[in-house]
Trainee: 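Just passing along the structure, written as structure tokens.
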Amino acid sequence: MSLDTTAANRLMTHFDDHDSVWLFGYGSLIWKADFDYLERRPASIRGWTRRFWQGSHDHRGTPDAPGRVVTLVPEDGAICHGMAYRIPPSVFGPLDIREKNGYLRVITPMAFEDAATDAPAQAEGVVYLAGEDNAAYLGPAAEVEIARQIAASHGPSGPNRDYLLNLAAALRELGFDDAHVFELERAVLEIA
Ligand code: BEZ
């Protein structure tokens with residue numbers, strides 16, 4: 001599979017005729033929403049867990065020394081907390097380019113976690129997933145090894161460390177627990 005998933009994502013036209021689409025963010029989309037959105041709501045998806053198992057050759061590392069960023073891994077009973085954005089479908093164009101290193105747009109149900117009683121509690125939308133068959137996938141490793149790689153990696157978007165620390169801070173701010181992310185945060189801060 002090619003590293004660049006932009007062309008594959010353009011074939012995902014399911015929501016093109018909708019006025020807006022819910023996009024579930026579980027990584028950089030939580031703390032870096034540099035796109036137009038109509039509203040945003042804390043949300044979760046079931047059956048997936050967040051893991052720093054995807055290589056970053058273009059943002060937080062380089063082709064020779066990739067960093068590590070998050071993807072979602074299937075896990076029975078797991079709940080992944082994040083932030084959902086209601087976006088016009090035109091936003092997918094730039095996002096497909098920003099997230100082109102192995103991520104594919106996949107349709108998912110999501111549950112909203114705010115207390116807005118007059119709004120729907122669930123929706124179908126989109127999540128970007130980097131599966132284990134993509135060329136940039138690095139897969140599992142001991143958390144201390146992942147932390148060392150994150151502490152050492154830099155790319156055009158900045159230090160890999162900042163990606164992890166921003167994600168941990170955003171999850172904490174939202175009141176979400178994530179043992180994997182918080183353990184990596186602790187280990188990276190210890191290395192520093
Ligand atoms: C996200 O924050 O949902 C996200 C993570 C990786 C790639 C694309 C989106």
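Atom set for the values below is all heavy atoms of this structure, side chains included, hydrogens, waters and symmetry mates excluded. Every number for a ligand or one of its atoms is a count from 1 in the order of the listing.
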Trainee: Which protein heavy atom lies closest to atom 3 (O) of ligand 1, and at what distance to 0.1 Å?
Mentor: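 Among all protein heavy atoms, the one nearest atom 3 (O) of ligand 1 is Y26 N, 2.9 Å.
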Trainee: Could you walk me through whether R98 and K32 satisfy the side-chain contact (heavy atoms from CB on, under 4.5 Å) test, starting with their C-alpha distance in whole Å, then the side-chain angles of each, then the deciding distance to 0.1 Å, before giving a yes or no?
Mentor: CA-CA 11 Å; R98 167 175 149 182; K32 191 176 177 204; 4.0 Å; yes
Trainee: Taking the six-membered ring of Y37 as reference, does the NZ or CZ atom of R86 fall below 6.0 Å from its centre and within a 45° cone about the axis?
Mentor: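 No cation-pi geometry.
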Trainee: Can you list the atoms of ligand 1 that are under 4.0 Å from a heavy atom of F24?
Mentor: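 Counting from 1, the qualifying ligand atoms are 3 (O).
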Trainee: Are R10 and D96 close enough, and set up right, to give a salt bridge (charged side-chain N to carboxylate O under 4.0 Å, His left out), and what steps lead you there?
Mentor: CA-CA 8 Å; R10 284 211 187 105; D96 287 349; 5.7 Å; no
Trainee: Without swapping roles, check the side chain of R68 against the backbone of F52 for a donor-acceptor pair under 3.5 Å.
Mentor: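 Yes.
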Trainee: Is S28 in polar range of ligand 1, meaning some N or O pair under 3.5 Å apart?
Mentor: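 Yes.
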Trainee: Has ligand 1 got any nitrogen or oxygen that is less than 3.5 angstrom from a nitrogen or oxygen of G27?
Mentor: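 The answer is yes, given that G27 and ligand 1 share an N or O pair closer than 3.5 Å.
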Trainee: Which of the atoms in ligand 1, numbered in the order shown and given with their element, are less than 4.0 Å from a heavy-atom of Y128?
Mentor: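 Result: 8 (C), 9 (C).
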Trainee: Mind checking whether G25 has an N or O less than 3.5 Å away from an N or O of ligand 1?
Mentor: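 Not met; the criterion fails.
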Trainee: Between Y128 and F24, is the ring centroid distance below 6.0 Å?
Mentor: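 When the ring centroids of Y128 and F24 are compared, they turn out to be at least 6.0 Å apart.
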